There are 2 protein chains.
Amino acid sequence: MSKTVSPKSRASGRVTLAAVAERAGVASMTASRAISQPDMVSAALRERVQQAVEELGYVPNRAARALASAHSKVIVVLVPSLSNAVFTAVLAGIQDALDADDYQILIGNTRYSDAEEEKLLGIYLQSNPDGILLSGLSHSPRVERMLAASRVPIVSMMDLSDDPAQLTVGFSQFQAGHAMTRYLIDKGHKRIGFIGAQLDERTLKRADGYRQAMREAELADPKLELMVPDPSTIALGAELLGRMLAQSPDCDAIFCCNDDLAHGAIYQCQRRGIAVPRQLAICGFNDLPASAWMNPSVTTVGTPRYRIGHEAATLLRSVIRGEAPATPHLDLGFTLMARESA
Amino acid sequence: MSKTVSPKSRASGRVTLAAVAERAGVASMTASRAISQPDMVSAALRERVQQAVEELGYVPNRAARALASAHSKVIVVLVPSLSNAVFTAVLAGIQDALDADDYQILIGNTRYSDAEEEKLLGIYLQSNPDGILLSGLSHSPRVERMLAASRVPIVSMMDLSDDPAQLTVGFSQFQAGHAMTRYLIDKGHKRIGFIGAQLDERTLKRADGYRQAMREAELADPKLELMVPDPSTIALGAELLGRMLAQSPDCDAIFCCNDDLAHGAIYQCQRRGIAVPRQLAICGFNDLPASAWMNPSVTTVGTPRYRIGHEAATLLRSVIRGEAPATPHLDLGFTLMARESA
DNA sequence: CTGAAAGCGCTTACAG
DNA sequence: CTGAAAGCGCTTACAG
């Protein structure tokens, strides 16, 4: 019953750069250069090293590289949701922008929770990221402290700041909320309700835009607002439509803070026999694919989410390289999509 | 014009474990233990180290830990799409299952592309992951080679294999396709079309199930199949409805390989004045949220995507710990959701 | 263009 | 329960 003596070596058993170098008959630092800075090495050596890499099936150890070089080649992206098509489009833009470089993108889903954001950031900061892409402008004090202490370059997405010390890429959520409300007012609606869910930063700013436009038109009435913290879903939109009509039966238009709620509200109108837009106008926000296809098609605000991700990642990459940004705040705008539902 | 002499030290400037140890008056290996194996250290020391960590704002360097310990605490997840709600639900399940441990989840979006899968895997393997979660059973030979060479534990999601050497969590895509077709046949339909897009592994298996059911009922006809490699979207569903009706005008039911296509087909029917299901029955696959709310509500196949992610991650974690799996192939089943559209 | 040595910041046996 | 030393697999100045 003798115990197997475990080997003293802590080697992982994987092919190392040293093995590649030995096979190619060069020093390992030369092999390193042949791989990461091929131009600084003679063609013959480059060839030999490349061949050794293939023959041995060498896979570089990223942890070792990060430790030795102080460049992790990691970019952290924090989004509040992965089930929301808005943020998956943002991610697609980021991936496309970073595709060429061999960055490793660490995607964190904060689920609209400060606590989750703190936790994820704590874990991801251990990877010593070269840059961070954040959603939104407001974060918990702890997150702010962690970010400041890390000294990692940051670009914030979705909204625009007026703080010149920040970098932001997005559009004005406030202006967009204001513009949609103004559109409904111009159509002659007087009793325009606002339905908001999740109550994240962006929803609240759209609501602010709505309120301001209503005040300007002297149409403001707290009874026309319905705000709940639950996650936005089609089912919730259907439910909130009922609650809004119960709360303000004379409501003649409803501005839903996003398309999911608008879709649910419209489906519910169909079930109740309420004609949209004749009896009740309904509009949404974000222009999800279904909005153009539903019957009635949905009036909404088109948002440049793919471009936000793409431009934010491009900006972050240039900052990491030490370049000065052309502008700290890149406004990508929004588009009012007037369709059948309002 | 004298150049600044750069310091010889390559230290990152970040707070190190050594600094924490010094502050606490212990050796750094003791500090290490106090942090990662608190039980193996006296309460007094644990306290002192903890305090030093807080005072200094110590953030462990994950690269150093990975290099020294051979445990990266990284789990790689490869999904073919992030815009498909099916896979975001899978991811949610994975995240929930791995929440307690401090795993870092590396999410790779292969975009249904073998080349992209190879590229991502190549990059992610450099991080020496402790485990890999894959979507689907079929991969390119290169990917298979890379996976085999890496010797990293793997669990495959979405479908079931019959290879006892693999670990899979999902349900039979073939059976589900067969069951939905059988449902339509039992409803009395004779000319049942199949619309498939993307043509990924799962779509092809659903199509196989459809074909077999049609053959069994002696209803098979190649003219009833319409398969295109484009990504599934609502817009494509609308277009394919037209092409299917042009190709087989006597079609009395259409099985769409997923809900996006079904939604588009239904919206298009509404625009053309085709009554669903009276003139044409339409059904989908996956039971996306809108399917229960649309008018008509959509008959579809409910799939346990969240659970697939959750169970697959749980299984992978247990394998990483060296435990033997209860079963190599976990069948989570599917549910036929009979609604109004078919 | 190429290489010997040191070091990045941790953890692992091992000893006491 | 605690510690001195070695080592994980790379890259970085520096020298030639």
Side-chain angles (χ1 to χ4, degrees), chain A residues 3-22 24-49 53 56 58-73 102 125-128, chain B residues 3-49 53 56 58-73 102 125-128 130:
Chain A
K3 267 188 185 160
T4 305
V5 177
S6 56
K8 214 163 184 174
S9 161
R10 287 159 56 197
S12 62
R14 294 176 55 171
V15 177
T16 64
L17 185 64
V20 171
E22 190 180 14
V26 297
S28 58
M29 63 161 308
T30 304
S32 170
R33 261 196 297 255
I35 291 167
S36 37
Q37 310 168 63
D39 301 337
M40 302 197 60
V41 139
S42 70
L45 269 194
R46 204 184 313 145
E47 196 82 351
R48 268 197 286 158
V49 170
V53 165
L56 264 30
Y58 171 63
V59 176
N61 182 322
R62 209 169 179 106
R65 184 203 308 232
L67 188 56
S69 74
H71 290 289
S72 62
K73 277 287 184 180
D102 97 314
L125 246 20
Q126 300 181 352
S127 292
N128 211 353
Chain B
K3 269 187 185 160
T4 304
V5 177
S6 57
K8 213 163 182 175
S9 161
R10 287 160 54 197
S12 62
R14 295 177 51 170
V15 177
T16 65
L17 184 64
V20 171
E22 190 181 12
R23 178 110 174 186
V26 299
S28 57
M29 63 160 309
T30 306
S32 171
R33 260 195 299 254
I35 291 169
S36 36
Q37 309 169 63
D39 301 338
M40 303 197 58
V41 138
S42 70
L45 269 195
R46 204 185 311 143
E47 195 83 352
R48 268 197 285 158
V49 170
V53 164
L56 264 28
Y58 171 62
V59 177
N61 183 322
R62 210 169 178 107
R65 182 202 309 230
L67 187 56
S69 74
H71 290 292
S72 62
K73 277 288 185 182
D102 95 316
L125 247 21
Q126 300 181 353
S127 292
N128 212 354
D130 291 344

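Just so it is clear, the values below take in all heavy atoms, side chains as well, and ignore hydrogens, waters and symmetry mates. To find a chain, count down the sequence lines: A is the first, B the second, and so on, and within it residues start at 1. Quantities reported herein were computed from a predicted structural model and do not represent experimental measurements.
Considering all non-hydrogen atoms of both residues, B/Ala31 and B/Val26 come closest at N-CG2, 4.0 Å. Considering all non-hydrogen atoms of both residues, A/Ala24 and A/Arg48 come closest at O-NH1, 2.7 Å. What you find for B/Ala21 and B/Ser28 is that their closest heavy atoms are CB-CA, 3.4 Å. The nearest pair of heavy atoms linking A/Ala19 to A/Leu56 is O-CD2, 3.8 Å. Annotation for B/Val20 and B/Val15: closest pair CG2-CG1, 4.3 Å, computed over non-hydrogen atoms.
Nearer the 5' end of DNA chain D, as judged by each residue's closest nucleotide, is the contact made by B/Ser28, out of B/Ser28 and A/Val15.
When distances run from any side-chain atom of B/Ser42 to the nucleotides D/dT11, D/dC8, D/dT2, the shortest one goes to D/dT2. Of the candidates D/dT2, D/dG9, C/dT12, D/dG9 carries the atom nearest the A/Asn61 side chain, counting heavy atoms from C-beta on. Among the nucleotides D/dT2, C/dT2, D/dT11, the one closest to any side-chain atom of B/Leu45 is D/dT2.
When the P atom of C/dC1 is taken as reference, atom CZ of A/Arg46 falls 9 Å away, rounded to whole Å. Summarising the geometry, the separation between CZ on B/Arg65 and C1' on C/dC8 is reported as 16 Å, rounded to the nearest angstrom. To the nearest angstrom, P of C/dC8 lies 23 Å from NZ of A/Lys73. As rounded to whole Å, 13 Å separates atom C1' of C/dA6 from atom CG of A/Leu67. Protein atom CD of B/Gln126 is 10 Å distant from nucleotide atom P of D/dC10, rounded to whole Å. Rounded to whole Å, the distance from NE2 on A/His71 to P on D/dG9 is 22 Å.
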Donor-acceptor pairs under 3.5 Å, side chain of residues 33-46 of chain A to any protein atom, not counting sequence neighbours: which ones?
unit_1  : atom_1 : unit_2  : atom_2 : d
A/Ser36 : OG     : A/Ser32 : O      : 2.8
A/Ser42 : OG     : A/Leu45 : N      : 3.4
A/Arg46 : NE     : A/Pro38 : O      : 3.0
A/Arg46 : NH2    : A/Val41 : O      : 3.1

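One distance of note links CZ of B/Arg62 with OG of B/Ser69; it measures 10.0 Å at 0.5 Å rounding. If you take CZ on B/Arg65 and NZ on B/Lys73, they are separated by 8.5 Å, rounding to the nearest 0.5 Å.
Applying the side-chain hydrogen bond (donor to acceptor under 3.5 Å, both in side chains) test to B/Asp130 and every residue at least two apart in sequence or in another chain returns B/Ser72. A/Arg14 meets the side-chain hydrogen bond (donor to acceptor under 3.5 Å, both in side chains) test with B/Asn128; sequence neighbours excluded.
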Requested in this report: Represent DNA chain D in dot-bracket notation, 5' to 3'. Only Watson-Crick or G-U wobble pairs with both distances under 3.5 Å count; pseudoknot-style crossings use [ ] and interstrand partners use |.
Outcome: |||.||||||||.|||
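Of all the residues in residues 17-27 of chain B, B/Val26, B/Ala27 reach under 4.0 Å from DNA chain D with at least one non-hydrogen atom. A heavy atom lying under 4.0 Å from DNA chain D marks the following residues of residues 29-40 of chain A, by number: A/Met29, A/Ser32.
In this structure, B/Val49 and B/Thr30 have side chains that are not in contact, with every pair of non-hydrogen atoms separated by 4.5 Å or more.
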